[in-house]
Q: 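Here it is, the structure, as structure tokens.
Heavy-atom basis, side chains included; hydrogens, waters and symmetry copies ignored.
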Amino acid sequence: MLERLNSIEQEALAALQSANSKDALENWHTMYLGKKSPLMTILGDLGKLSHEERPAIGKRGNEVKKALEAAYADRVEAIRKAELQHSLTAGALDVTLPGRPQSRGRLHPHTQILREIYAIWAEMGFQVYRSRDVETDEYNFELLNIPQHHPARDMWDTFYTTTPGVILRTHTSPGQIHAMREYCPQPIRVILPGMCYRYEQISASKGIQFLQMEGLAVGKNIRLSDLLGTMSEFNRRIFGPDRKTRFRASYFPFTEPSVEVDVSCANCGGTGCGVCKHTGWLEIAGAGMVHPTVLKNGGYDPAVYSGFAFGMGPERIAMLRWGISDIRYFWGNDLRFLEQF
Ligand code: FA5
């Protein structure tokens, strides 16, 4: 029996030397140290041996078991190291190589300028109010004091749907009525950003689809001087302190009195150039005191409440800010343009 144990030990240690992988090691373990292995069978059957034989066989059996276990652990460690070494050399990684650049998206200049404009109006107490792109003739025109056949409709001709009276809005002004009807009789300070659509001859400064940003303030004792001061402050914040603001008398059916808001041309500093058509000024918004009829249509008593409103073109503001020469770039989807912002 002792000889049998010696030969088990020798055979097992020899077989261990040729086990070169994790799988081979596992097989070896089952074969030589597993429950049904010859060694374990001998150790398990010690009770069947005679009193004389048992101590010596038991002692030697345990020695062999310990030796095999120790050799097994050494071999596992050696193979782990060899595998690590192999993977370090075979799959060698040059950590000094530059990484693959991730192409990062960015915000469209529309979104960037809108966020800047929102932040300025927010500081002046104006909240964003969302209004729909698809409007009714009633909201886009009638309730804004532009009845059927009014000549002002020519300026704001639009796209019509197959449902009579349902159109794409030509300006964000119909949102004034929605906001007033929702908040009346509370005071209002909102901006209404969004897309507008017009039947328009496309040019460098005119699109058939473009952004507008309406503003509306309604309350008691709101005066023209409040509008002029607020617009001047907005221009100072968005264009910087060097640019001047000018107001020109104008006409809109939904404001009385009405003004156009101009800023001094950044290109020439106000002396006149091609960009400003040699006037020194660029128009950025229409504005005025909310017409009494419009206040009434919104639910406010014009004898008690007053307000101002404005409608500006964020694309034109972006063009002035960043020196963009053509409004069509915003929709051109040309990466050479978009990547500059
Ligand atoms: C209006 O649309 C009025 N609703 C503005 C208003 C609101 C006046 C509240 C009084 C009170 P106007 O058509 O001028 O006005 O347009 C206002 C601004 O929108 C313009 O100054 C311009 O910046 C922009 N805009 C107008 N038409 C286009 C277009 N076709 N393409 C790009 N921007 C445009």
Q: Is the backbone N or O of Q212 less than 3.5 Å from a side-chain atom of T172, with the two atoms forming a donor-acceptor pair by type?
A: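 Judged by distance alone, no pair lies under 3.5 Å.
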Q: For the pair S306 (side chain) and I222 (backbone), establish whether a donor and an acceptor sit closer than 3.5 Å, ignoring hydrogens and angles.
A: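 It does hold such a pair.
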Q: Find out whether V259 and F308 are in side-chain contact, i.e. whether some heavy atom of one side chain is under 4.5 Å from a heavy atom of the other.
A: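 Answer no - side chains too far apart.
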Q: In terms of heavy-atom contacts, does OH of Y329 have more than 12 from other residues, nucleotides or ligands at under 6.0 Å?
A: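 No.
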Q: Apply side-chain contact (heavy atoms from CB on, under 4.5 Å) to residues K206 and I327 and explain how you reach the verdict.
A: CA-CA 7 Å; K206 283 191 168 168; I327 200 168; 5.8 Å; no
Q: Is V134 reachable from I208 through a run of hydrophobic residues whose side-chain heavy atoms are each under 4.5 Å from the next?
A: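 They do share one cluster, since a chain of ILVMFWY contacts under 4.5 Å joins I208 to V134.
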Q: Could you go through Q148 and F141, starting from their C-alpha distance and side-chain angles, then the distance that decides it, and tell me whether this counts as side-chain contact (heavy atoms from CB on, under 4.5 Å)?
A: CA-CA 8 Å; Q148 288 283 344; F141 295 119; over 6 Å; no
Q: Does any N or O in the side chain of R246 come within less than 3.5 Å of the main-chain N or O of E260, such that one atom is a donor and the other an acceptor?
A: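 No: the side chain of R246 does not pair with the backbone of E260.
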Q: If every non-hydrogen atom of S37 is compared with every non-hydrogen atom of T30, which pair is closest and at what distance?
A: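 Scanning both residues completely, I find the closest heavy atoms to be CB-O, 4.1 Å.
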Q: Which heavy atom in G219 sits nearest to a heavy atom in P187, and how many Å separate them?
A: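 Shortest heavy-atom separation between G219 and P187 comes out as CA-CB, 4.4 Å.
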Q: To the nearest 0.5 Å, how far apart are CH2 in W28 and CG in D23?
A: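 Spacing of CH2 (W28) from CG (D23) equals 15.5 Å.
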Q: Write down the atom of T170, the atom of C196, and the distance for their closest heavy-atom approach.
A: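 Heavy-atom minimum between the residues: O-CB, 3.6 Å.
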Q: Identify whether M319 and M195 are in the same connected component of the hydrophobic contact network (ILVMFWY, side-chain heavy atoms under 4.5 Å).
A: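 Yes, M319 connects to M195 through the hydrophobic network.
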Q: Tell me whether S264 contacts the main-chain N or O of G270 through its side chain, where contact means a donor paired with an acceptor under 3.5 Å.
A: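 Side chain of S264 to backbone of G270: no pair is present.
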Q: Just verifying a value: how many Å separate I57 CD1 and L49 CG, rounded to the nearest 0.5 Å?
A: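 One gets 6.5 Å once the value is rounded to the nearest 0.5 Å.
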Q: Are I113 and W322 close enough, and set up right, to give a side-chain contact (heavy atoms from CB on, under 4.5 Å), and what steps lead you there?
A: CA-CA 10 Å; I113 197 75; W322 294 318; 4.2 Å; yes
Q: Can you name the nearest heavy-atom pair linking A179 to V190, along with the distance?
A: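 Result for this residue pair: CB-CG2, 4.3 Å.
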Q: Decide yes or no for Y118 and M213: does some side-chain heavy atom of the first lie under 4.5 Å from some side-chain heavy atom of the second?
A: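 Yes, side chains in contact.
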Q: Spell out, as yes or no, whether a donor-acceptor pair under 3.5 Å connects the side chain of Y300 to the backbone of V294.
A: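 No, Y300 side chain to V294 backbone: no donor-acceptor pair under 3.5 Å.
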Q: Provide the closest heavy-atom pair for L144 versus S173 in the form atom of the first, atom of the second, distance.
A: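 L144 and S173 have their closest heavy atoms at CD1-CB, 3.6 Å.
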Q: I'd like to know if the side chain of T158 and the backbone of L168 have a donor-acceptor N/O pair within less than 3.5 Å.
A: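 Indeed, once roles are kept as given, a pair shorter than 3.5 Å links the two residues.
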Q: CD1 of I284 to CZ of F310: how many Å apart, nearest 0.5 Å?
A: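 Spacing of CD1 (I284) from CZ (F310) equals 9.5 Å.
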Q: Is there a donor-acceptor pair closer than 3.5 Å between any side-chain N or O of T255 and the backbone N or O of S258?
A: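 No; judged by distance alone, with no hydrogens or angles, the pair does not exist.
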Q: Side chains of I324 and E315: does their closest heavy-atom pair fall under 4.5 Å?
A: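 A side-chain contact is absent here, since even the closest heavy-atom pair is not under 4.5 Å.
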Q: Run the side-chain donor-acceptor check on residues 231-240: report pairs under 3.5 Å with partners two or more places apart or on a different chain.
A:
unit_1	atom_1	unit_2	atom_2	d
S232	OG	L228	O	2.7
E233	OE1	R236	NE	3.1
E233	OE2	R236	NH2	2.9
E233	OE2	R237	NE	2.8
E233	OE2	R237	NH2	3.3
N235	ND2	T245	OG1	3.0
R237	NH1	E123	OE1	2.5

Q: Examine distances only and state if a side-chain atom of R75 and a backbone atom of Q17 form a donor-acceptor pair shorter than 3.5 Å.
A: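 Pair found, side chain donor or acceptor close to backbone of Q17.
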Q: Is T41 close to K36 at the side-chain level, that is, under 4.5 Å between some pair of heavy atoms?
A: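 Not touching, per the 4.5 Å side-chain cut-off.
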Q: Does CZ in R248 sit with more than 12 non-hydrogen atoms of other residues, nucleotides or ligands closer than 6.0 Å?
A: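 Yes, the 6.0 Å shell around CZ holds more than 12 heavy atoms from other groups.
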Q: So, does Y305 use its side chain to make a donor-acceptor pair with the main chain of P185 at under 3.5 Å?
A: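 Such a contact is found between Y305 side chain and P185 backbone.
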Q: Does atom CG of N333 have more than 12 heavy-atom neighbours, drawn from other residues, nucleotides or ligands, at distances under 6.0 Å?
A: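 Check fails, neighbour count at 12 or below.
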Q: Can you name the residues that form a side-chain hydrogen bond (donor to acceptor under 3.5 Å, both in side chains) with R106, not counting sequence neighbours?
A: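 side-chain hydrogen bond (donor to acceptor under 3.5 Å, both in side chains) list for R106, sorted by chain: empty.
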Q: Do Y139 and M155 share a hydrophobic cluster, counting only Ile, Leu, Val, Met, Phe, Trp and Tyr and linking them when any side-chain heavy atoms are less than 4.5 Å apart?
A: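 Yes: a chain of side-chain contacts under 4.5 Å links Y139 to M155.
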Q: So, do T271 and C268 sit near enough that their side-chain heavy atoms are less than 4.5 Å apart?
A: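 Yes - at least one pair of side-chain heavy atoms lies under 4.5 Å apart.
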Q: Within the 4.5 Å heavy-atom criterion, are Y32 and E11 side-chain neighbours or not?
A: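 Side chain of Y32 against side chain of E11, heavy atoms only: contact under 4.5 Å found.
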Q: T293: which residues meet the side chain to side chain contact (heavy atoms under 4.5 Å, CB included) condition with it, sequence neighbours left out?
A: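 Partners of T293 by the side chain to side chain contact (heavy atoms under 4.5 Å, CB included) criterion, ordered by chain and then number, come out as N145, H291, N297.
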Q: In terms of side-chain geometry, is the basic nitrogen of R153 or E142 positioned less than 4.0 Å from the acidic oxygen of its partner?
A: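 Yes, this pair counts.
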Q: Are more than 12 heavy atoms from other residues, nucleotides or ligands located less than 6.0 Å from atom CZ of R223?
A: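 Counting other residues, nucleotides and ligands, CZ of R223 stays at 12 neighbours or fewer.
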Q: So, applying side-chain hydrogen bond (donor to acceptor under 3.5 Å, both in side chains) with Y129, which one of Q176, H178, R189, E182 is it?
A: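 Per the side-chain hydrogen bond (donor to acceptor under 3.5 Å, both in side chains) rule, the option paired with Y129 is E182, out of Q176, H178, R189, E182.
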Q: Of the non-hydrogen atoms in P38 and R4, which two are nearest, and what is the gap between them?
A: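 Closest approach of P38 to R4, heavy atoms only: CB-NH2, 3.4 Å.
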Q: Enter the distance from L39:CG to L68:CG here, rounded to the nearest 0.5 Å.
A: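 With rounding to 0.5 Å, CG (L39) is 6.0 Å from CG (L68).
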Q: At what distance, to the nearest 0.5 angstrom, does CD1 of I177 lie from CZ of R181?
A: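 The CZ atom of R181 is 6.5 Å from CD1 of I177, to the nearest 0.5 Å.
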Q: Flag the pair K66 and E69 as a salt bridge only when some basic side-chain nitrogen lies within less than 4.0 angstrom of an acidic carboxylate oxygen.
A: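 Answer for the salt bridge query: no.
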Q: Between S131 and R169, is a side-chain contact (heavy atoms from CB on, under 4.5 Å) present by the stated rule, with each step listed?
A: CA-CA 10 Å; S131 185; R169 66 175 173 190; 3.9 Å; yes
Q: Does E283 pair with K277 as a salt bridge, N-O distance under 4.0 Å?
A: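 The answer is no: the pair does not qualify as a salt bridge.
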Q: Would you say the rings of H110 and W331 are close, in the sense that their centroids are separated by under 6.0 Å?
A: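 Judged by ring-centre distance (under 6.0 Å), W331 and H110 do meet the cut-off.
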Q: Grouping I, L, V, M, F, W and Y whenever their side-chain heavy atoms are under 4.5 Å apart, do L143 and I188 come out in a common cluster?
A: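 Result: yes, single cluster for both.
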Q: Flag yes if more than 12 heavy atoms outside F159 fall under 6.0 Å of its CZ atom; otherwise flag no.
A: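 More than 12 within 6.0 Å, yes.
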Q: Taking the side chain as C-beta and beyond, is there a heavy-atom pair between Y160 and I167 under 4.5 Å?
A: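 Yes, side chains in contact.
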Q: Ring centroid separation for H171 and F254, is it under 6.0 angstrom?
A: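 Under 6.0 Å, so yes.
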Q: Check for a donor-acceptor pair, side chain of W281 on one end and backbone N or O of K244 on the other, with a separation under 3.5 Å.
A: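 Not at all, since once roles are kept as given, no pair shorter than 3.5 Å links the two residues.
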Q: Between E77 and R80, is the closest basic N to carboxylate O distance under 4.0 Å?
A: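 Looking at E77 together with R80, the answer is yes, because their closest N to O distance falls below 4.0 Å.
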Q: Count the heavy atoms belonging to other residues, nucleotides or ligands that lie under 6.0 Å from CD of Q201, then report whether that count exceeds 12.
A: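 Count not over threshold, so no.
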Q: Around atom CD of Q127, are there more than 12 heavy atoms from other residues, nucleotides or ligands closer than 6.0 Å?
A: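 No.
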Q: Measuring from atom CG of L16 to atom NE2 of H29, what distance do you get when rounded to the nearest 0.5 angstrom?
A: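 These two atoms lie 10.5 Å from each other.
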Q: Check for me, please, whether Y197 and M312 land in the same ILVMFWY cluster - side-chain distances under 4.5 Å, paths through other members count.
A: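 Yes, because Y197 and M312 connect within a single hydrophobic cluster, where side-chain heavy atoms sit under 4.5 Å apart.
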Q: Does the side chain of K59 come within less than 4.5 Å of E63's, by heavy atoms?
A: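 Yes, close enough: below the 4.5 Å cut-off.
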Q: Take a 6.0 Å sphere around CE of M31 and say whether it holds more than 12 heavy atoms from other residues, nucleotides or ligands.
A: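 No.
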